[in-house]
Structure formats: C-alpha cells, structure tokens
There are 2 protein chains.
Amino acid sequence: MRFSTRAGYGLRAAVNLARNYPKQISLQEISREEGISLKYLEQLFRTLKKNKLVLSQKGREGGYVLSKNPRMIKVGEIIETLEGPIIPMECAAGKCDVKCSCASSVVWTRLQEQIKKTLYSIRLNDLTK
Amino acid sequence: MRFSTRAGYGLRAAVNLARNYPKQISLQEISREEGISLKYLEQLFRTLKKNKLVLSQKGREGGYVLSKNPRMIKVGEIIETLEGPIIPMECAAGKCDVKCSCASSVVWTRLQEQIKKTLYSIRLNDLTK
DNA sequence: TTAATTCCTAGTTTATTACTATGTTTTTAT
DNA sequence: ATAAAAACATAGTAATAAACTAGGAATTAA
C-alpha cells in the first residue's frame, strides 16, 4: 500500500509554493530545491493547473503560484488531483459486482472515509511552519 | 492509491474462514465460493500460515482454520501480512534522507497512523454478521 | 533577439502485481 | 493397497502501471 511519488513530489512542490506565496516560482527553482526532475514536475504541474490549483505565467521570469491562499487549499485536493480518487479497493468504488457485496467491503469503505478525512483536514499552510 | 488484490482476496478468504470457524475448510471450497483462483489462494495461505494466522491439515479432508477465535484477529493483521507494512510514503518509514525531513512528511505519518488505527479496530468477527 | 520559461506529446524503462505451470508430499476414504 | 484430495513449494509469465526521459513548440521579458 503506497501512494505514488507523484503525490509525494507534488505535495512537496505545493508546500514550496505555499511557503513562497504569493510570490511566483519557476519549476527550475523547485526542481533544484527539492531535487525533483524538472520534466517530471512539468507534467505534475500541467495537471495541477488543469484542476485550477495553480496559476501560471509563461515566458522568461514566468512560473507558478497557488491559485488561492494556502490556508484554503487542502492536502487532499493536491493528492487526489495527482493520483486520482482515493479508492483503496474496488469494493469502495461503488461499482460492486455480486461477489463484492461481501462482508469485507465495509473495511474498504470505512478506510476510504478515514483516509479522505485525514487528507482533507490538513491545509497547505499547516505545513509551512 | 490502491491496496493489492492479495489483501482483498485474502481478507475475503479470512472472513469465509471466520464464518465457518472452527470448522476446517479447504481452499477449493473458498475458491469456488469466492471466485478466486485456487493456486493464488495457495500462495496467500502459505504466507498466512507462516505468520501463524491459520492452521492447516494436509491430505484428503484437509484444509485451513483460523488459528484463533475470529474475535481475536484484527483485519490489519491479515492485510499487513499479505501486503507488507502500511507505509503510504517513504517519509513514513522512518528512513528519511535530508529531503524527507520536509514539512509534508507529517501528512504521511499521520495518514499511516489513521490507516492502521482503522484496520486494527475491526476484527474478523465484525464482518461475519 | 536571445534566454528562460511554460506547455505538449509520445516514448522508454523499470518494477510490481497478478496469476499460471508443474510439480511433491501427505493423508484419508474406499 | 490405492486413488483421490488436499496442502506445500518453486519458478516462470503476462499484464499493468509508475516513473521518468526526449524532443520539441509557444510565449514572454530582459
């Protein structure tokens, strides 16, 4: 049971932006500071942008900023954007066949709730102190 | 973010044993009832046995039983046995390099705690009703 | 006009998961 | 005794996804 490095890297990058908020930061800086491949960061930020979590400016002296105050951005948003929805097991996805009306599905739905609850209770600015 | 089918299948099989406890059940029966490959079940049960969660009897009329009353077996035991320890991100493993003394690591450790707490608060007999 | 940046698509490598194949050994019913 | 049914064991394969790279195009400010 692991979250992907997309989530790990993405969160670190987002915290970096949160620390610098509202200053605009280039991915090169983040890449250098966090030791994450620039090209990989570009991919991550494309999806972050598509989901309106960051704003960007192209061209020289360009970069990214969080789209809202870090106080308003929940860690869960970043992670679900980069990883897709939190679904520990098919059972918890709702699309259950007969076999999955099984007793153990309550484990996975309860787990799903708890994970989401945890991730959505932490905001980016909680991680900048 | 997904748990493996090992955990899903293994849990279902364990719940099946719990329902039949203390009767001994063969993997063929479980395979038939749960629609899980027999050979795959054999693998899973080898590791369950190695970790003393089940007892076995070889030979004709043989099979498996839970090693303890289902009241005493936590879902987390089954899952961690089959999947390995719950570590949402390297950060949470303790073996953190400099980069991972980062702010975001508190997310992963808190998440780890919550997941464990959830999985260890449910017992097999909670799933047999 | 050049350098630095975001933006875009596709490809490649690597690792893991999921599952299969082919047995051996043990035990019980017949 | 023998045959069937079960656990036990190892190795191999196929599919999938994750992680990352390559090579650019478009944009913008110094």
Side-chain angles (χ1 to χ4, degrees), chain A residues 1-13 17 20 23-67 79 81-85 87-90, chain B residues 1-13 17 20 23-67 79 81-85 87-90:
Chain A
M1 185 270 140
R2 290 279 166 107
F3 283 72
S4 67
T5 62
R6 301 171 67 84
Y9 290 163
L11 182 57
R12 267 163 56 198
L17 286 191
N20 288 292
K23 205 174 95 191
Q24 180 177 264
I25 303 289
S26 77
L27 292 188
Q28 195 153 104
E29 289 180 75
I30 296 181
S31 169
R32 206 170 32 236
E33 284 181 28
E34 307 286 344
I36 304 170
S37 146
L38 174 61
K39 284 298 188 187
Y40 204 30
L41 276 177
E42 287 179 353
Q43 283 188 0
L44 303 187
F45 272 76
R46 203 139 16 96
T47 82
L48 287 177
K49 176 168 189 193
K50 214 177 290 170
N51 286 71
K52 310 215 193 296
L53 289 165
V54 296
L55 304 175
S56 68
Q57 194 190 355
K58 289 175 92 173
R60 188 162 180 170
E61 307 287 286
Y64 289 92
V65 208
L66 295 175
S67 61
I79 290 174
T81 293
L82 292 173
E83 281 231 331
I87 301 174
M89 187 69 63
E90 288 299 319
Chain B
M1 185 268 144
R2 289 281 165 106
F3 282 72
S4 67
T5 63
R6 301 170 67 83
Y9 291 164
L11 182 57
R12 266 165 56 200
L17 287 190
N20 288 292
K23 205 174 95 190
Q24 180 177 265
I25 303 289
S26 77
L27 291 188
Q28 196 155 101
E29 289 179 75
I30 296 181
S31 169
R32 208 171 29 237
E33 285 179 27
E34 307 284 344
I36 304 168
S37 146
L38 174 60
K39 284 301 187 187
Y40 204 31
L41 277 177
E42 287 179 354
Q43 282 187 1
L44 303 186
F45 272 76
R46 202 134 23 92
T47 83
L48 288 177
K49 175 167 188 192
K50 215 177 287 171
N51 286 72
K52 309 218 193 296
L53 288 166
V54 296
L55 304 175
S56 67
Q57 194 190 353
K58 288 177 90 172
R60 188 164 180 170
E61 307 286 286
Y64 289 92
V65 209
L66 294 176
S67 62
I79 290 173
T81 294
L82 293 173
E83 281 230 332
I87 300 173
M89 189 66 67
E90 287 300 319

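What you see is a predicted model; the values in this text were computed from it and never measured.
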Least distance between heavy atoms, B:L38 atom then B:Q28 atom: CD1-N, 3.9 Å

Whole-Å distance separating the CD atom of A:Q28 from the C1' atom of C:dC7: 15 Å

Ranking C:dC7, C:dC19, C:dT28 by distance to the side chain of A:E42, first place goes to C:dC7

Taking C:dA18, D:dT21, D:dA4 as options, the one with an atom nearest any side-chain atom of B:Y40 is C:dA18

Smallest separation among heavy atoms of A:M1 and B:E83, with atom names: N-OE1, 3.0 Å

For DNA chain C, whose closest nucleotide is more 5', that of A:M1 or that of A:G62? A:G62

Atom-pair distance (CD1 on A:I87; P on D:dA17), nearest Å: 13 Å

Output for pair (B:L55 CG, B:L17 CG), nearest 0.5 Å, gives 10.5 Å

Indicate for each nucleotide in nucleotides 9-16 of chain C, in 5' to 3' sequence, whether protein heavy atoms under 4.0 Å reach the base (B), only the sugar-phosphate (S), or nothing (-). BB------

Could you pick out which residue, A:Q57 or A:L38, lies toward the 5' side of DNA chain D when each is mapped onto its nearest nucleotide? A:L38

Whole angstrom value for the distance that separates C1' of C:dA18 from CZ of B:R2: 15 Å

To the closest 0.5 Å, what do you measure between CG (B:L27) and OG (B:S56)? 9.5 Å

Out of C:dT6, C:dT20, D:dC8, which has the shortest distance to the side chain of B:K49? D:dC8

Within this structure, what is the CD1-to-P distance between B:I36 and C:dT20, rounded to whole angstrom? 12 Å

Side-chain N or O of B:S56 less than 4.0 angstrom from OP1 or OP2 on D:dC8? yes

Is the shortest side-chain N/O distance from A:Y9 to OP1 or OP2 of D:dC20 below 4.0 Å? yes

Nearest-angstrom distance from the residue atom CD of B:Q24 to C1' of D:dA6: 10 Å

Would you mind reading off the distance between A:L48 atom CG and C:dT6 atom P, rounded to a whole angstrom? 13 Å

By nearest atom, which of the nucleotides C:dC7, C:dT28, D:dA7 is closest to the A:Y64 side chain? C:dC7

Phosphate-side-chain proximity, B:S37 and C:dA18, N/O vs OP1/OP2 below 4.0 Å: no

B:L44 CG to D:dA7 P: how many Å, rounded? 13 Å

Spell out yes or no: do the side chain of B:K39 and the base of C:dT22 have one donor N/O and one acceptor N/O closer than 3.5 Å? yes

Students often mix this up, so state it plainly: with edges at 30° and 60°, are the rings of A:F45 and A:Y64 parallel, tilted or perpendicular? tilted

Heavy-atom nearest pair, B:R12 first then B:I36, reads NH2-CG1, 4.1 Å

So which nucleotide from D:dA18, C:dT27, C:dT6 ends up closest to the side chain of A:S4? D:dA18

Thinking salt bridges, do A:E42 and A:K39 make one under a 4.0 Å N-O criterion? yes

